[in-house]
Amino acid sequence: MNCEVCQLKELDIEHFEIREVLRCILHTVLFHRALGLVRPKDIDLELFEITYVQCGDVELERKIDEKIDQFIDRVEKHPNKKNQICLSFYEVKNKQATWFTNKVERLYWEQWYINLNVAQHPKGISGKSYSSKVVVDPGAESRSARRAALETSLRDVLFQIIRFVNEKKDHIPPIPNLEGVSFPYEITISSSSDSAFGMDMLKRMLQTGHPTMLS
Amino acid sequence: MDSLSFWNRTLMEPMIIDIILVRESPNSSHTMLSNDVFTETVVERWIVQHESQSQRSTPPQTSDYKKTYKKSIILLRSVYSMLRLLPAYKAFRKKSSLKQSCNFDINYKVCSFSSPFSRDEEHSMKKYSFVPVEAQQGRLSVSVIYREDLSDFNLDAFVSCPLEIITDYVGSPLTDPMRAFSIRENHHSAPSRRHSWTSGGLHRDVSLLHNHNQPLSGSPPLYRSPYEYSHSPTDAYINKNQNQRLTSFQKTSSEDLLSPPLSSSPSPSPPTYFSGGNIQSRPVSIPHPMMSRSPKYLSPNLSDPSRHHSLPPLSPRNTKYDPSSHESSSGIRSMRNTPISLGQKVSRDAKEDSGRFSSLLSSSSSPRVGFSRSSSRLSFQDDFGDCDFSCPFIVDDVDPPDMQMSPNLDARNSSEVSSQTSSTAKKSQDAAVGALVHMLRTAPPLRQDSSCYNSSQSSKIEMEGEIGAASEFFNPRKTSDALEELKTYKEMKNLLLSKSNAHMAGKGKIEN
């Protein structure tokens, strides 16, 4: 089975926008992959005029928020790197136990890469404005322009998700679980270190018996 | 949605759903509504079609059905998400939040064929086709043609409310005693999204108001932002209208009404209201309980829908803390008014009044809590001073001739009741009144006991009566309406009597 990969458009965001943007994107993807009974919940973003849909699954929300917290911690520790969140869907295959592997194997059939470029100053552009001792208005204007551009980009990302979801349907395995998110998934965080960026993903794909995020 | 049920075409024909934006023509924006020319623009066109294919050679497998089902689910999810991403959704949200102050409308039309777009229109529209879902008999395809840019319609300018200064604003949400009431009262006027407010998220809402420019990471987001816009003009407009209606009922010089932020009339949802930039923390002026007294007062027409929009809601004292028992509280309060409906003098001892009633009616339901709290709230309101406005109680619908039929009542009681009646009439809302009436109608029959009635009346001399004279406030009401309500209130009175009988009998006899 092939693994479909979707690299979402990179977004330049401020530190305080991370949570909203990530929630929006992750929930949108999962809403299209939770093929069981869901109670769609419309959520308005507070920073943008965008409405996305959640599955209405409390457990899912909690997990996503945990991951976002981890991501934010990661960003704060590695401020000058591009950060990436990978949402992977896999199938659990029971394999014959050999002498070095466990029984359970994960076959990833879809991966979504959310590429975020978090601005250097955690406080946003306003830091520069203060230091230059000029009227804050120029900073405010550029901020609003940047915000508008980000809103457009975020909307593009959501369109991208919908397009991908529509175009690639054949690779989806049979639905194992109709409750909540139908497929087991995993959210991993990585930063763009010099060489190991893609290797991190490969390593995770090859790992077996990984104890995380078995939903 | 009725048109969908009439759309009974065959599978061969596509179903075309046009989402139409209706707005006044720009050159007629100042004319009366009936003379306006409306322009309709298709902002979205959804085409759902089943394309039949010849029967497949292989018989259908179970797995084929599963695949079709799975893909259909994904298609539905995509459509659901796409609907919220398209530009027309913003217009829809603005329309929902602005309601009556919005000069554009969104309609839909379902048909099997539609006029094609003009060349110019096509240029301004984008198309997206969802991937068809293969089924055994054919395939289901959904596509949408949408207008990408709605800025030409200048939807933001469609709010027809000039900036107004609210001279008698009730107060900030933090201190507004009627806040809790608005939670109840607006449940039927606000759309479903409104409700970080109605669901009790008031504090969060207020905090958002104050932190409006700060990044918020809380989830779930408050629905009122960022789609609610033009708060200031909208709020001012609503306030202006409501205040105008109120003043039409007031013959006194009172200008400081408990303006009805909680009226369920054509106002936007409370979050919109309170989040407006023109919200002042100006305290409300409490009506002076010693307003002109007159035996005549028109009662609020409990069943008159026109009053629904003109009267402020029930007393905040009734509703401040216990939304769930609002209706029972208000009902109790109007029941309380019934036995003392014949007074001339207005007393101001609201606290004692509430206290008495809480004990009086403790057997009925939970309003006791509401009452004890409301007494404190009443004193709080008193602190705002300036009591030109009648007390926000449910007033008796007492017809003047009927009042005179109770010679046994103390004069002071009558004044209490009259003042209560007027203020309550101002404040009564149809919802609360309806619940009250229902409660009273389902109450067990009571025993008429004039002596007990007198005793209870006299014992309530000190009850609060900061309701101003009411009669002139209700002139527009008809006597027949008043008579109807009198009957209702008599029932309430009887219920009260039975409950207070044992409690008040001893006291009353002494004072009698």
Side-chain angles (χ1 to χ4, degrees), chain A residues 14-20 22-24 27-38 40-56 61 64-65 68-69 72 123-124 140 151 154-156 158-159 161-170 172-175 178 182, chain B residues 62-63 66-87 89-94 96-97 126 128-134 141-144 146 148 192-193 196 204 208 211-229:
Chain A
E14 299 281 340
H15 192 271
F16 65 91
E17 292 164 341
I18 293 176
R19 190 173 294 275
E20 281 226 312
L22 274 182
R23 269 210 195 113
C24 173
H27 276 288
T28 301
V29 175
L30 286 164
F31 177 66
H32 290 91
R33 289 289 175 254
L35 304 185
L37 176 68
V38 295
K41 200 162 71 169
D42 288 347
I43 305 291
D44 293 335
L45 289 181
E46 289 163 358
L47 301 175
F48 310 101
E49 276 194 334
I50 293 178
T51 303
Y52 68 98
V53 188
Q54 286 187 3
C55 294
E61 283 179 53
I64 285 182
D65 286 345
I68 292 177
D69 290 337
I72 291 175
K123 301 289 182 188
E151 181 175 321
L154 183 57
R155 208 178 281 274
D156 290 341
L158 297 180
F159 275 118
I161 293 172
I162 292 177
R163 266 197 302 275
F164 186 88
V165 156
N166 261 269
E167 287 160 9
K168 316 268 188 194
K169 288 181 193 162
D170 295 325
I172 302 174
I175 302 174
L178 278 178
S182 312
Chain B
T62 307
S63 60
K66 283 186 181 175
K67 280 185 189 168
T68 301
Y69 184 62
K70 183 173 65 184
K71 292 179 183 178
S72 304
I73 298 174
I74 295 175
L75 173 66
L76 180 62
R77 300 285 165 91
S78 304
V79 169
Y80 195 96
S81 299
M82 179 67 86
L83 277 168
R84 281 142 184 83
L85 281 182
L86 294 180
Y89 184 73
K90 271 193 208 175
F92 162 72
R93 290 296 303 278
K94 282 179 181 162
S96 303
S97 66
K126 282 181 96 171
Y128 180 75
S129 299
F130 294 85
V131 173
V133 173
E134 303 285 342
S141 67
V142 178
S143 64
V144 58
Y146 61 96
E148 195 179 13
S192 58
R193 286 202 76 138
S196 59
R204 183 182 61 185
L208 184 64
N211 298 324
H212 190 67
N213 294 321
Q214 298 176 13
L216 297 166
S217 61
S219 161
L222 299 176
Y223 295 148
R224 62 185 188 84
S225 69
Y227 289 104
E228 293 186 11
Y229 76 124

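Below, read A as the first sequence line, B as the second, and so on, with proteins coming before strands; counting in each chain starts at 1. Small disclaimer: the values here were computed from a predicted structure and weren't measured.
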Quick one, A:R23 with A:L45, criterion side chain to side chain contact (heavy atoms under 4.5 Å, CB included). Give me CA distance, side-chain angles, the key distance, then yes/no. CA-CA 9 Å; A:R23 269 210 195 113; A:L45 289 181; 5.9 Å; no
Practice problem: Mind telling me whether A:F31 and B:Y80 have parallel, tilted or perpendicular rings, with 30° and 60° as the class edges? | Solution: tilted
Are A:Y52 and B:R84 side-chain neighbours, meaning at least one heavy-atom pair lies under 4.5 Å?
-> no
Checklist entry - Is any side-chain heavy atom of B:K71 closer than 4.5 Å to a side-chain heavy atom of A:I172? => result no
Is the backbone of A:G36 close enough, under 3.5 Å, to the side chain of A:S182 for a donor and an acceptor to pair up by distance? yes
Applying a strict 4.5 Å limit to non-hydrogen atoms, the region of A:V53 in contact with chain B is side chain
If one checks every heavy atom of A:L35 against chain B at 4.5 Å, the contacting part turns out to be both
Honestly, the part of B:Y128 sitting under 4.5 Å from a heavy atom of chain A is side chain
Okay, A:R163 and chain B: the region with an atom under 4.5 Å from a heavy atom over there is both
Whatever's closer than 4.5 Å to a heavy atom in chain A on B:K66 counts as neither
Is there a donor-acceptor pair closer than 3.5 Å between any side-chain N or O of A:R155 and the backbone N or O of A:E49? yes
Okay, B:V133 and chain A: the region with an atom under 4.5 Å from a heavy atom over there is side chain
Looking only at B:I73, B:L76, B:L85, most heavy-atom pairs under 4.5 Å shared with chain A are made by B:L85
